Amino acid sequence: MEPFFIVKNLWLIPGLPIGAALVITFMGSKRKSAAYGLSVACLALSAVLSFWAFSVVSGHEGISQNVDGSAEIHEDEAEADAGNVFRQTHNFTWISIGFEKIEFGWVLDPLTAVMIAMVSFVALLIFIYSGEYMKQDPRFTRFFAFLSLFTGSMLGVVISNSFLLFFIFWELVGLSSFLLIGFWYHKPSAVAASQKAFLVTRIGDFGLLIGMILLTSSAGNFLFYDEGKGCLETQALLDLLGPAAIGGLTIAGLISLLVFFGAMSKSGQVPFHVWLPDAMEGPTPVSALIHAATMVAAGVFLVARLFPLFDLDPTFVSGVSPSLSVVTWVGAITAFYAACVAVAQTDIKRILAYSTVSQLGYMMMALGVGGVAAGMFHLITHAFFKALLFLGAGSVIHGSHDEQDIRKMGGLRTLMPKTFQVYAIGMLALTGFPFLFSGFWSKEEILTTALHWPASKIPFLLGLCGAFLTAFYMSRQMIYVFHGKNRQQSGSGSIHESPGSMVIPMAVLAAFAVGLSVIGTPIWPWFEGFITGHPVPFRIGELFHLSHLALMVGSTALVFGGYFLAWKIYGSAQSLGENHPDRLSSYQPWLFGFLNRQCHVDELYQKIFVKPFFEIGQFCRTVEEKWNHSLTSIVSAVTLMISWCCRWVDDWLINPGFDYICDRSRRVAGRLSVLQNGQIQNYLRVGGLAIAFLMVIYVLGGMI
């Protein structure tokens with residue numbers, strides 16, 4: 001009974017924070033404690049339910065059921081290849097129109113279980129941290145309303161078993177990010193960043209909407225899983241392997257690319273990455289939530305959820321699905337490009353933002369070359385150490401009086417020792433310091449699968465370059481922020497360590513950044529077995545396999561090479577500061593400037609898209625002001641003249657004529673009415689006259 005209960009009530013996991021958001025919206029701005037307590041309590045309860053659901057999935061063997069139907073061992077062909085995957089659904093009719101009905105529902109499977117556990121737990125730590133970080137903000141209650149809506153929407157995306165319900169929550173995630181990125185709307189840069197994020201992601205959502213319509217119309221069902229009739233189940237997928245749609249692609253390939261279009265925009269893949277660094281204009285807890293557990297993770301989750309569709313059509317080189325080939329190449333290019341740009345940034349949050357773009361590229365590449373388990377493992381590990389890094393950056397900014405330029409920091413290792421310790425753990429996990437940190441094992445799994453990808457070795461090489469650059473730019477950031485002398489003009493005495501309510505959540509995240517390495521090593525790849533449904537015995541010898549050892553040694557050498565190069569360039573510098581050029585810019589000023597300006601991608605978009613549309617808008621405005629207004633005045637005058645003419649004709653011709661006819665008719669009727677005045681003698685007189693008249697006619701007729 002336990003699995004059935006939690007599946008039927010899975011809606012409570014997103015429902016609690018969304019309900020908290022609605023209640024907080026009606027609270028006054030002065031009820032900060034109530035708003036904070038309600039949001040944290042509801043999310044904590046969601047986290048408890050999420051871990052309950054996770055324990056249910058991890059404690060049962062593979063079985064596919066619908067809780068409102070019969071329970072049976074049900075595995076389609078695709079699932080049989082992947083192992084016995086636990087999956088239960090609860091579906092219900094939302095709207096019925098005649099014989100047609102639209103169904104909603106939620107699904108509990110390993111993908112759902114691990115995501116709701118991660119999202120709710122990481123978000124809960126960010127909520128706790130935010131209470132201290134935002135306590136001086138006058139819109140404190142509104143902030144937690146938006147934050148709760150954001151988290152609840154992401155949880156709704158994760159549990160949805162209906163593509164339509166998924167899309168509704170997907171759009172709520174976009175709306176929430178718009179509200180939170182532009183939360184400090186008094187800053188023009190924040191308003192511009194929120195608008196940019198909203199518009200760029202809407203472009204991808206248009207492709208996702210078309211893909212959803214094509215998929216659900218082909219399957220005749222909005223549900224992902226519905227006792228063999230869902231749009232991600234065998235029969236529906238086989239129906240998509242029909243005639244080619246465009247460019248040799250089957251309809252399945254076309255739908256996959258349209259869906260990936262939406263995932264690219266949400267997860268900041270090239271060329272839709274431009275909104276993500278600008279999203280740093282929002283409060284730092286928002287950045288942590290966006291980059292770790294919610295919005296950017298939604299795109300990766302979308303590809304993972306629809307992976308059976310992406311893996312359906314192996315028609316190109318070496319039997320590789322064309323859709324997954326696109327996912328792999330986009331991910332590899334994004335991982336390398338963003339790592340290059342991060343090398344030349346000076347804003348502490350912007351460096352982490354480009355780091356997120358790069359790591360999202362790794363996740364997409366992992367999905368393309370290694371499947372759901374590889375991509376999701378890196379998503380989960382990244383969520384913890386990237387949340388840790390953003391909260392650590394927020395601690396640095398909070399303690400440094402809102403300073404974000406790393407060139408103005410320095411020496412915080414002794415001034416903020418607790419923040420330094422947890423931040424160093426996050427940095428080592430991100431860069432893939434060998435063996436001790438979860439980021440090392442998730443990165444190694446991606447590189448291993450990329451090395452054996454049959455289509456090309458270039459994504460693997462780009463992944464190696466990205467690993468080297470990640471170690472370099474994060475070491476550069478650490479040197480600027482925590483080493484050397486403090487360079488703030490206000491003096492080191494004003495810098496302070498963050499309070500325990502901010503440090504404790506970071507410490508918990510740091511523990512998970514280390515501890516998650518246990519479930520993803522080649523010795524015991526528990527996570528892979530959990531996702532795929534395969535048994536995972538201990539394999540100690542796998543760690544010492546020649547290919548694994550060679551790759552680990554090579555990638556570790558690259559990581560330490562990045563550490564060493566950063567220390568060589570920046571560690572001995574005595575003049576690190578805003579007024580001194582970056583050491584790297586002294587070596588390659590043009591290249592450093594090019595990377596510092598994000599390879600001029602924003603300028604390129606300005607010229608190609610923004611400026612032409614702006615000019616079109618200005619032209620339309622000019623036409624409206626100079627032509628439309630004059631034309632409107634002329635048309636108005638002509639219309640008024642015609643109306644006056646019509647009024648004259650009506651008043652002087654039609655009305656008098658009609659009145660004359662009516663008057664004459666009334667007079668004739670009055671005279672004729674004498675014949676019907678009710679006097680019998682008049683009737684007899686008329687009758688007699690009529691008879692006499694008829695007699696005269698009769699006599700005259702006879703004579704003739």
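If you're wondering where the values come from, they're calculated on a predicted model, not measured in any experiment.
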Are any non-hydrogen side-chain atoms of [X] and [Y] less than 4.5 angstrom apart?
X	Y	answer
K443	T470	no
Y423	M478	yes
L551	F460	yes
E444	T521	no
F166	V157	yes
P110	V85	yes
Q598	E603	no
C599	F594	yes

Distance-only side-chain donor-acceptor flag, E445 / H378, under 3.5 Å: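 Short answer, no.
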Does a donor on one side chain sit under 3.5 Å from an acceptor on the other, for H273 and Y337?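 Per modelled atom types, H273 and Y337 side chains form a pair under 3.5 Å.
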Is it true that, when you exclude [X] itself, more than 12 heavy atoms of the residues, nucleotides or ligands shown sit nearer than 6.0 Å to its [atom1]?
X	atom1	value
F527	CZ	yes
K187	NZ	yes
W184	CH2	yes

Test ring-ring contact (aromatic ring centres under 6.0 Å, His included) applied to F609 - qualifying residues, sequence neighbours left out: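 Partners of F609 under the ring-ring contact (aromatic ring centres under 6.0 Å, His included) test: Y605.
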For [X] and [Y], work out which heavy atoms get closest and say how close.
X	Y	value
S265	G204	OG-CA, 3.3 Å
I446	A366	CG1-CB, 3.5 Å
A197	I181	CB-CD1, 3.8 Å

side-chain contact (heavy atoms from CB on, under 4.5 Å) with V343: which residues, sequence neighbours excluded?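 Result, side-chain contact (heavy atoms from CB on, under 4.5 Å) vs V343: L469, F472, Y473, L584.
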With ring centroids as reference points, do F261 and F272 lie under 6.0 angstrom apart?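 Judged by ring-centre distance (under 6.0 Å), F261 and F272 do meet the cut-off.
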Do E281 and R350 sit within salt-bridge range, that is, some charged N less than 4.0 Å from a carboxylate O?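 Looking at E281 and R350, the cut-off is not met.
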Report the relative orientation of the aromatic rings in [X] and [Y]; use parallel for angles under 30°, tilted for 30 to 60°, perpendicular for over 60°.
X	Y	value
F51	F54	perpendicular
F224	F163	tilted
F260	F310	perpendicular

Show, in sequence, the C-alpha distance, side-chain angles and deciding distance for F437 and F385, and conclude whether the ring-ring contact (aromatic ring centres under 6.0 Å, His included) test is met. CA-CA 10 Å; F437 298 92; F385 61 69; 9.5 Å; no
So, taking the atom named OG1 in T201 and the one named CD in E171, what distance separates them when rounded to the nearest 0.5 Å? 7.5 Å
R202 to F206, cation-pi by 6.0 Å centre distance and 45° axis angle: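 Output no; distance or angle outside limits.
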